[in-house]
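Each remark here refers to the structure printed beneath this line.
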Amino acid sequence: MSRTRLMRTLVLWCSFLLVHALVAAMGWLYPSQPMGDVVLVYEPWSSTALSGGPIVGVTETWVYPQLALVPMLIAKILSMPLIAVLGVSGAYLIAWAVLVTVLDAVAFAVLIGRSPSQPRRTAAWFWIAALLLLGPIALYRIDAITVPVAVIAGLWLSRRPAAAAALLAVGAWIKIWPGALLLAAVVAARSRMRILLTALAVSAAVIALLLLLGADTEIFGFLTEQTGRGLQIEAVAATPFLWLAVAGSARIEYSFEILTFQIEAQGADAVGAVLTPLMAVLVVVVSVIGAVKAMRGASFPRLFPPLALSLVIALIVLNKVGSPQFQTWLIPPVILWLVLDRARAVGPAVIVLALCALTCLVYPLNYDALLRAEMLPIVILSLRNVLLVVALVVGIRAVVRVPAHRPSTNRE
């Protein structure tokens with residue numbers, strides 16, 4: 001490796017680690033408890049499981065897929081030597097930040113290697129910028145565990161499709177969204193049957209293990225547990241109701257059952273009820289468009305990135321939950337797009353960086369004001385939600401515009 005390339009690689013690594021340290025520290029300094037889920041929810045779940053108590057997802061229904069408990073347990077085990085010095089909460093927070101940083105570093109190493117190409121360097125800088133702009137929510141949520149898993153899997157799809165499919169399946173059993181990348185891979189890749197069969201085998205193994213552990217009706221509880229929740233205030237579809245809240249015609253109320261803030265207004269429940277069916281329809285439509293392109297010979301590097309991004313954004317735009325950590329889902333598809341087709345990925349990358357910045361301005365920086373239905377955070381959140389819709393349109397448009405050739409002339 002030349003001296004220049006070595007210096008560029010060192011700068012990338014130093015920036016990557018520095019940003020992780022800064023973002024981890026932000027969690028201690030920013031308002032609205034951006035680390036709240038980690039210390040108030042993940043730590044008690046893992047402590048209860050390790051002490052012989054109820055195991056979420058196994059002995060009782062849980063909001064997350066069952067493998068989400070694994071990183072929580074790992075963080076708890078890592079935290080134990082630190083408890084005497086930092087206390088239970090402080091030790092667990094440090095252990096969680098270290099765990100996420102290590103996983104990110106593994107994925108970062110896969111991304112840049114020893115001598116990264118220009119597209120991979122661009123993707124690396126994008127990841128660093130996205131983390132910095134999104135802030136502590138990029139680290140202190142279970143979603144952060146799935147980001148490096150998705151990055152590695154996406155980079156391996158062409159040469160190690162079975163390993164990539166296994167990783168995406170595991171990711172989906174931690175947080176559902178990596179399943180969108182898996183669906184995009186099944187549609188766009190030539191090795192789709194190997195990818196599909198591997199993912200099914202991993203899922204079958206997970207289900208078999210859960211049955212052996214005593215789970216029964218709880219296995220798919222993460223799907224049914226979400227059905228009864230209302231329209232969360234940060235959801236895209238909640239935007240009009242937030243403006244009604246400014247006028248006093250809607251209320252923001254806390255749900256102790258779901259542990260989140262929701263809209264209370266006439267019509268909010270009806271809007272929330274139609275979002276999931278609409279999401280399913282949109283996912284099918286986008287997948288069909290991608291499948292038609294694939295059948296007509298569209299290349300994997302051109303088709304997969306915009307298809308993956310479109311499917312992921314569809315899960316956000318038509319979701320009755322609008323949690324800020326959902327923006328982390330957008331990072332892996334854009335990284336992969338920058339690696340595979342950098343010229344066409346610049347626009348979506350800029351949009352995602354803007355989404356990260358706007359999201360951080362809402363949560364945690366102005367979240368208390370949002371709960372009071374003040375004008376500034378509602379304007380910022382409205383801009384963020386409009387930009388999400390724009391990103392969805394940009395992604396679908398990119399899928400539609402992917403050139404298709406006869407299979408005999410296709411080159412990957």
Side-chain angles (χ1 to χ4, degrees), residues 16 100 103-113 116-128 130-131 138 143-192 194-196 198-199 202 283 286-287 290 293-294 298-316 326-346 348-349 352 391 395 398-399 402 412:
F16 183 78
V100 173
L103 292 175
D104 280 355
V106 172
F108 199 70
V110 174
L111 172 62
I112 66 172
S117 63
Q118 182 59 49
R120 287 179 179 252
R121 287 200 303 271
T122 303
W125 283 116
F126 164 80
W127 192 356
I128 292 168
L131 285 172
D143 308 66
I145 300 294
T146 59
V147 170
V149 172
V151 170
I152 295 172
L155 294 170
W156 282 359
L157 271 171
S158 294
R159 296 187 178 181
R160 301 183 183 96
L167 281 177
L168 288 175
V170 168
W173 277 98
I174 296 174
K175 198 72 188 284
I176 298 173
W177 78 267
L181 271 64
L182 187 59
L183 175 58
V186 170
V187 170
R190 290 181 175 178
S191 52
R192 58 181 58 88
R194 190 187 311 175
I195 292 170
L196 179 60
T198 302
V202 170
V283 167
V286 174
S287 300
K293 291 288 184 177
S299 69
F300 179 82
R302 285 294 302 271
L303 179 58
F304 174 74
L307 180 60
L309 184 62
S310 299
L311 291 173
V312 170
I313 298 178
L315 299 184
I316 300 174
F326 286 5
Q327 308 310 308
T328 61
W329 304 358
L330 304 175
I331 295 174
V334 173
I335 288 175
L336 299 174
W337 202 345
L338 287 166
V339 170
L340 295 173
D341 191 15
R342 184 181 55 159
R344 296 171 185 84
V346 173
V352 170
V399 174
V402 170
E412 251 184 58

Only distances under 3.5 Å count here; give the side-chain donor-acceptor pairs of residues 332-339 to other protein atoms, sequence neighbours excluded, each with its distance to 0.1 Å.
none

To the closest 0.5 Å, what do you measure between [atom1] ([X]) and [atom2] ([Y])?
| X | Y | atom1 | atom2 | result |
| --- | --- | --- | --- | --- |
| R344 | R302 | CZ | CZ | 3.5 Å |
| R190 | S299 | CZ | OG | 9.0 Å |
| L131 | T328 | CG | OG1 | 9.5 Å |
| D104 | W127 | CG | CH2 | 4.5 Å |
| L315 | L330 | CG | CG | 10.0 Å |

Query raised in the report: With R121, which residues qualify under salt bridge (Lys or Arg N to Asp or Glu O under 4.0 Å), at least two apart?
Result: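 Testing R121 for salt bridge (Lys or Arg N to Asp or Glu O under 4.0 Å), a comparison that skips the adjacent residues, returns none.
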
Report summary line: Residues passing the salt bridge (Lys or Arg N to Asp or Glu O under 4.0 Å) test with R342, sequence neighbours excluded, are none

Do you know which two heavy atoms are closest between [X] and [Y], and how far apart they sit?
| X | Y | result |
| --- | --- | --- |
| L303 | G290 | CD2-O, 3.5 Å |
| D341 | P301 | CB-O, 4.0 Å |
| R120 | L111 | NH1-O, 2.8 Å |
| V312 | L181 | CG2-CD1, 3.5 Å |
| W156 | A163 | CE3-CB, 3.9 Å |

With sequence neighbours left out, write down each residue that passes side-chain hydrogen bond (donor to acceptor under 3.5 Å, both in side chains) with [X], or none if nothing qualifies.
| X | value |
| --- | --- |
| R160 | none |
| D143 | K175, W329 |
| T146 | W177 |

Report task. Could you walk me through whether L157 and I195 pass the side chain to side chain contact (heavy atoms under 4.5 Å, CB included) test, one step at a time? Result -> CA-CA 9 Å; L157 271 171; I195 292 170; 3.9 Å; yes

Requested in this report: Test V283 against L183 for side chain to side chain contact (heavy atoms under 4.5 Å, CB included), laying out the working first.
Outcome: CA-CA 10 Å; V283 167; L183 175 58; 3.8 Å; yes

Query raised in the report: Can you name the residues that form a side chain to side chain contact (heavy atoms under 4.5 Å, CB included) with V106, not counting sequence neighbours?
Result: I152

Report summary line: side chain to side chain contact (heavy atoms under 4.5 Å, CB included) filter on I112, not counting sequence neighbours, yields T9, L12, W13, F108, P116, A124

Return a table of donor-acceptor pairs under 3.5 angstrom between the side chains of residues 166-173 and protein atoms on other chains or two or more places apart.
from: W173; atom 1: NE1; to: S203; atom 2: OG; distance (Å): 3.1

**Report entry** Flag side-chain contact, heavy atom, 4.5 Å: V149 against P178
**Finding:** no

Query - Note, L340 side chain near F300 side chain (heavy atom, < 4.5 Å) - result: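 SC-SC contact between L340 and F300 confirmed.
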
Query - Residue pairs involving residues 306-315 (criterion side-chain hydrogen bond (donor to acceptor under 3.5 Å, both in side chains); sequence neighbours excluded) - result: none

